[in-house]
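Below, all heavy atoms of this structure are taken into account, side chains as well, without hydrogens, waters or symmetry copies. Lettering follows sequence order; numbering is per chain, from 1.
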Amino acid sequence: GIELKNLNFDGEIASYLLNPSESKYDMLNLLNQYSGINTSGIDADDKNGIAALYVQKLDDIKRNMLTEINKHGMNELFEKIEMPLIEVLSSMECLGFKVDAQILHDIGFELSEEIDKLTGEIYDIAGSEFNINSPKQLGVILFEKLNLPVIKKTKTGYSTDAEVLEELSDKHEIVDKIINYRQLVKLKSTYTDGLISCIGKDGRIHSSFNQTVTATGRISSTEPNLQNIPIKMEQGRRIRKAFVPENDEYVIISGDYSQIELRVLAHISQDKSLINSFVNNEDIHRRTASEVFGIPMDEVTPLQRSRAKAVNFGIIYGQSDYGLSKELKISRKEAKSYIDNYFKRYSGVKDYLDSAILDAKDKGYVTTLMNRIRYIPEINSTNKNVKKFGERLAMNTPIQGSAADIIKIAMVKVYSRIKKEKLKSRLILQVHDELIVEAYKNEIDYMKQLIKSEMENAVKLSVPLVVDINVGNNWYEAK
DNA sequence: TCCGTCACGCACGTC
DNA sequence: GACGTACGTGACGGAG
């Protein structure tokens, strides 16, 4: 019942923009960095004293922070994006997402039955009962009792992750059952039972959205995390059927950016070929396959397209030939040839990625479209692995972070139009490249148009931004 | 000795 | 590349 008004400065957020890698933005920290006073004598447990001092020094802190923000050209990012976003996120938290507990219970019950059945079968095959959830105990069964080959080790013992199990699957009948068991237990514990326990008295789930957690500018979601609800596998995807509108006067509308990160890459690199692909609205992975494998677009096989897709992902992450070879289960040499071919055909991308690394080296940080910064100290490490990691950060952060800038702009615009036009529809969720609106039925067509145009026109790039809109009676259907 | 709390590593869900 | 959560495990400390 209380409306937030006249928010114009938030010290935590200002400080986050000045260094998004910091783990805490508490008052003692801010005093220490921006008030100009010496905080070494302050007792960290004296919360009241710190708060009093913070308020006393607030004018200085604010002025110093704004000076720094100004120096980095982040005025617009701060004033027009992050500050207005506070109210948007607050609204999304308060509204929440209605969840049908019965659907989750039903799915949970099915999962329990299957888990029990698998558990019995696994015990029978193993010849003994043990805790399948314990990697330690599972390791003993697989690698000591059944004598399966050890593929990989962790700090503490045998690795039993999905990649390892995949490789062992044709060596012993127990392995597939364990893979299956793991999937089902994940669904049940995290998504069925986990989500049910988060449903509020109003029948809705109210996640927390944190604006100062990620180093790239993305927002994060906790208690529960609504940004990792299953979608890839049909079995898990059904969880989304439980996310429903308030009542039959509403529907769920989802608007998601098509290939936003590759479009951002096309824009910031100004690579001619990549820009051309998007301007001509081509199937981007098919085009990449055609370039990397040197064949016409209409001769690209499904396998080639899927490999090209992995190459595109790899480019965004700054992935090495080693990383790509593992991803595609091909030799390092073959992976290297894919990447080399890619950079030959998209030389603008290569030049840009090199320049991002140079930026990180001589300025110490990289920036996004809206001048958001991230320091990359790792890049000067004498440890080769740490240095390589820093290089990947330098390549990935401007891409991931610019995409985050763009959807934040869209969120502020969608939210303020809904508010100004007194619409009954409401923005309830963001999942990095997707916005979800609980839309009043009379407003469906209007909202589809509103979401699409505000998202697509959030910024002007050298390539079009394309948004796909879907409507349904639950989150599952709105895809 | 028992029990609760905590930090950590591992595994895995999303974009 | 960016996250958050569940679970098992081992260390720790207070209560009995």
>> Take a 6.0 Å sphere around CD of A:Glu456 and say whether it holds more than 12 heavy atoms from other residues, nucleotides or ligands.
In response: yes
>> Heavy atoms within less than 4.0 Å of DNA chain B: which residues of residues 156-163 of chain A have one? Give them sorted by number.
In response: A:Thr156, A:Ser159, A:Thr160, A:Asp161, A:Ala162
> For A:Gln227 and B:dC12, what is the distance between atoms CD and C1' respectively, to the nearest whole Å?
Replying inline: 16 Å
> CG of A:Leu187 versus P of B:dA11: gap in Å, rounded?
Replying inline: 18 Å
> How would you label the contact of A:Glu223 with the nucleic acid (heavy atoms, under 4.0 Å): base, sugar-phosphate, or nothing?
Replying inline: sugar-phosphate
>> Quiz question: by atom type and distance under 3.5 Å, do the side chains of A:Tyr16 and A:Glu12 form a donor-acceptor pair?
In response: no
>> In this structure, how many angstroms lie between the C1' atom of B:dC10 and the NZ atom of A:Lys153, rounded?
In response: 15 Å
> Considering all heavy atoms of both residues, which atom of A:Leu369 and which atom of A:Asp405 are nearest to each other, and what is their separation?
Replying inline: N-OD2, 3.8 Å
> Looking for any heavy atom pair under 4.0 Å, which part of the strands does A:Arg374 touch: base, sugar-phosphate only, or nothing?
Replying inline: sugar-phosphate
>> Heavy atoms only, 4.0 Å cut-off, all strands: where does A:Val185 land among base, sugar-phosphate and nothing?
In response: nothing
> Near DNA chain B, under 4.0 Å by heavy atom, which residues of residues 81-116 of chain A?
Replying inline: none
> A:Ala403 near the nucleic acid: base, sugar-phosphate alone, or nothing, with a heavy-atom cut-off under 4.0 Å?
Replying inline: nothing
>> With a 6.0 Å cut-off (strictly less than), is the heavy-atom count around NZ of A:Lys152, excluding the residue itself, greater than 12?
In response: yes
>> Checking A:Glu87 against A:Tyr415: is there a side-chain donor and acceptor pair closer than 3.5 Å?
In response: yes
> With A:Asp321, which of A:Lys326, A:Lys336, A:Arg332 fulfils salt bridge (charged side-chain N to carboxylate O under 4.0 Å, His left out)?
Replying inline: A:Arg332
> Given atom CD1 of A:Ile179 and atom C1' of B:dA11, what is their separation to the nearest angstrom?
Replying inline: 13 Å
> NA contact type, A:Phe389, heavy-atom cut-off 4.0 Å: base, sugar-phosphate, or nothing?
Replying inline: sugar-phosphate
> According to the Watson-Crick and G-U wobble definitions, with both distances under 3.5 Å, which nucleotide is paired to B:dG4?
Replying inline: C:dC12
> Which part of the nucleic acid, if any, lies within contact of A:Ile229, taking any heavy atom under 4.0 Å across all strands shown: a base, the sugar-phosphate backbone alone, or nothing?
Replying inline: sugar-phosphate
>> Donor-acceptor check, side chain of A:Ser90 to backbone of A:Ile86, threshold 3.5 angstrom: yes or no?
In response: no
> Do A:Arg218 and B:dC15 have a side chain to base donor-acceptor pair shorter than 3.5 Å?
Replying inline: yes
> What does A:Ile399 touch in the nucleic acid at a heavy-atom separation under 4.0 angstrom: a base, only the sugar-phosphate, or nothing?
Replying inline: nothing
> Is there a donor-acceptor pair closer than 3.5 Å between any side-chain N or O of A:Arg263 and the backbone N or O of A:Pro464?
Replying inline: yes
>> Output the rounded distance in Å from CD1 (A:Ile219) to P (B:dC15).
In response: 14 Å
>> Just the rounded figure in Å: distance from C1' of B:dT14 to NZ of A:Lys186.
In response: 10 Å
> Who is the Watson-Crick or G-U wobble partner of C:dA2, with both distances under 3.5 Å?
Replying inline: B:dT14
>> For a quick check of understanding: with a heavy-atom distance under 4.0 Å over all strands, which category does A:Glu261 fall into, base, sugar-phosphate or nothing?
In response: nothing
>> Out of the candidates A:Ser197, A:Ser207, A:Ser208, only one should pair with A:Pro224 under the side-chain contact (heavy atoms from CB on, under 4.5 Å) rule; please name it.
In response: A:Ser207
> When you measure from the side chain of A:Asp256 to the backbone N and O of A:Glu434, does any donor-acceptor pair fall under 3.5 Å?
Replying inline: no
> Just checking A:Lys136: base, sugar-phosphate only, or nothing, at a heavy-atom cut-off of under 4.0 Å?
Replying inline: sugar-phosphate
> Between A:Glu234 and A:Arg238, is a salt bridge (charged side-chain N to carboxylate O under 4.0 Å, His left out) present by the stated rule, with each step listed?
Replying inline: CA-CA 6 Å; A:Glu234 178 57 27; A:Arg238 294 180 308 152; 5.5 Å; no
>> Could you tell me the boundaries of the chain A footprint on DNA chain C, defined by atoms under 4.0 Å from its heavy atoms?
In response: C:dG1 to C:dG10
> Which word best sums up how the rings of A:Tyr365 and A:Tyr375 line up, parallel for under 30°, tilted for 30 to 60°, or perpendicular for over 60°?
Replying inline: perpendicular
> With sugar-phosphate meaning primed atoms plus P, OP1 and OP2, does A:Thr397 contact a base, only sugar-phosphate, or nothing at under 4.0 Å between heavy atoms?
Replying inline: nothing
> How long is the line joining CG of A:Asn228 and P of B:dT14, in whole Å?
Replying inline: 8 Å
>> In this structure, how many angstroms lie between the C1' atom of B:dA11 and the CD atom of A:Glu166, rounded?
In response: 15 Å
> Taking A:Met447 as the fixed residue, which of A:Ile418, A:Val251, A:Ile469 is the one that meets the side-chain contact (heavy atoms from CB on, under 4.5 Å) rule?
Replying inline: A:Ile418
